[in-house]
Amino acid sequence: MARDDVRSVGENNQVNSLDGKIALVTGAAIGIGAATARMMAEVGASVILADVRDVEGAAVADEIVQAGGTAHYIHLDVGSQAHWMAAVALAEQLFGGLDILVNNAGILFGRDVEEASLEDWQAMSAVNQQGVFLGTKHALPALRARGRTSPEGSAIVNLSSVSGLVGSPVDPLYSMTKGGIALFTKSTALAFGRQGYRIRVNAVHPGVIETAQGRQTFAARARKLPSGDVAEARALALANHPIGRFGTVEDVAKAIIFVASDDAGFMTGSSLVIDGGLTAQ
Ligand SMILES: NC(=O)c1ccc[n+]([C@@H]2O[C@H](COP(=O)([O-])OP(=O)(O)OC[C@H]3O[C@@H](n4cnc5c(N)ncnc54)[C@H](O)[C@@H]3O)[C@@H](O)[C@H]2O)c1
């Protein structure tokens, strides 16, 4: 199939990287997910925003539509099988299928092993790991179907973390979930590639990004300092970033969009690190 069958060229001859694509982004109400949904719509995708924060999620979808984009919000707890089935059915019904799944929803508690309870672990793994498994499983038929006619196939992007590459200084349970996602990404990439499914699977590994979760990590780091001072914890974390700043949600959204797009057609099973040099040391 010619590339232009799926990539439209606008009046200004601008080819947008996600023209004609249908994407589902979890955890899209705030933070990295919201930025990704906004930017995906700007570069041509029809976007389903999914989250448990209904008021904020619906507001982001409305904002995208007001700006001329195509978006719809759905309540989706990523740990729920029934919610996943409904979300994928909605993408098919509204937009005709699914090309891109961004498994972005994730939580962190910032607790050491001594502090964390079994309930903490169960709650975290229900989102960070069960959510990624269920999303992959239930989106698979729809992604396979669109992958057959898309130039470089469909794409899954899983949000791991630098804490999925090196140990988290504040949350060993989080590191366990994010390290698992990194290898689930590689394993599913191999399986789907070898089975001829035309679905690429890649992980992105953000460093310290200024979001609600990013601020949670500063608070958790501060609890480990004699001063307990959050500003000091921020300054220490910043000193660890060779590039001289923390990341923004847009830094991560751009990387997600790149690996989701046909421009990354030869990438699968990869780990893309967006961390200002934090883990290069
Ligand atoms: N911010 C960082 O520094 C950082 C660093 C590395 C990795 N990450 C990862 O990036 C992803 C996004 O992080 P963020 O900083 O934007 O987080 P955030 O806390 O700002 O937003 C997370 C979103 O996920 C949603 N969510 C939580 N539980 C959910 C569930 N059960 N079902 C559906 N949605 C749910 C929340 O409602 C929220 O909208 C996460 O997977 C996170 O672990 C973040």
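Numbering of ligands and ligand atoms starts at 1, following listing order.
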Point to revise | Set of residues that line ligand 1, where lining means a heavy atom lies under 4.0 Å from it | key: Gly27, Ala29, Ile30, Gly31, Ile32, Asp51, Val52, Arg53, Leu76, Asp77, Val78, Asn104, Ala105, Gly106, Ile107, Val127, Leu159, Ser160, Ser161, Tyr174, Lys178, Pro206, Gly207, Val208, Ile209, Thr211, Ala212, Gln213, Gly214

Point to revise | side chain to side chain donor-acceptor pair (under 3.5 Å) between Lys21 and Ser261, intermediate numbers included | key: CA-CA 9 Å; Lys21 301 285 190 189; Ser261 77; over 6 Å; no

Exercise for review: Please state whether the rings of Phe246 and Phe218 are parallel, tilted or perpendicular, taking 30° and 60° as the class boundaries.
Suggested key: tilted

Review point. Do Arg200 and Glu152 meet the salt-bridge criterion of a basic N to acidic O distance under 4.0 Å?
Key: no

Review point. How far apart are the closest heavy atoms of Thr268 and Ile199, and which atoms are they?
Key: OG1-O, 4.4 Å

Review point. Below 4.0 angstrom, N of the basic side chain to O of the carboxylate: do Arg234 and Glu210 qualify?
Key: yes

Review point. Can you check side chain to side chain donor-acceptor pair (under 3.5 Å) on His83 and Asp77, steps first, answer last?
Key: CA-CA 6 Å; His83 289 187; Asp77 178 340; 5.4 Å; no

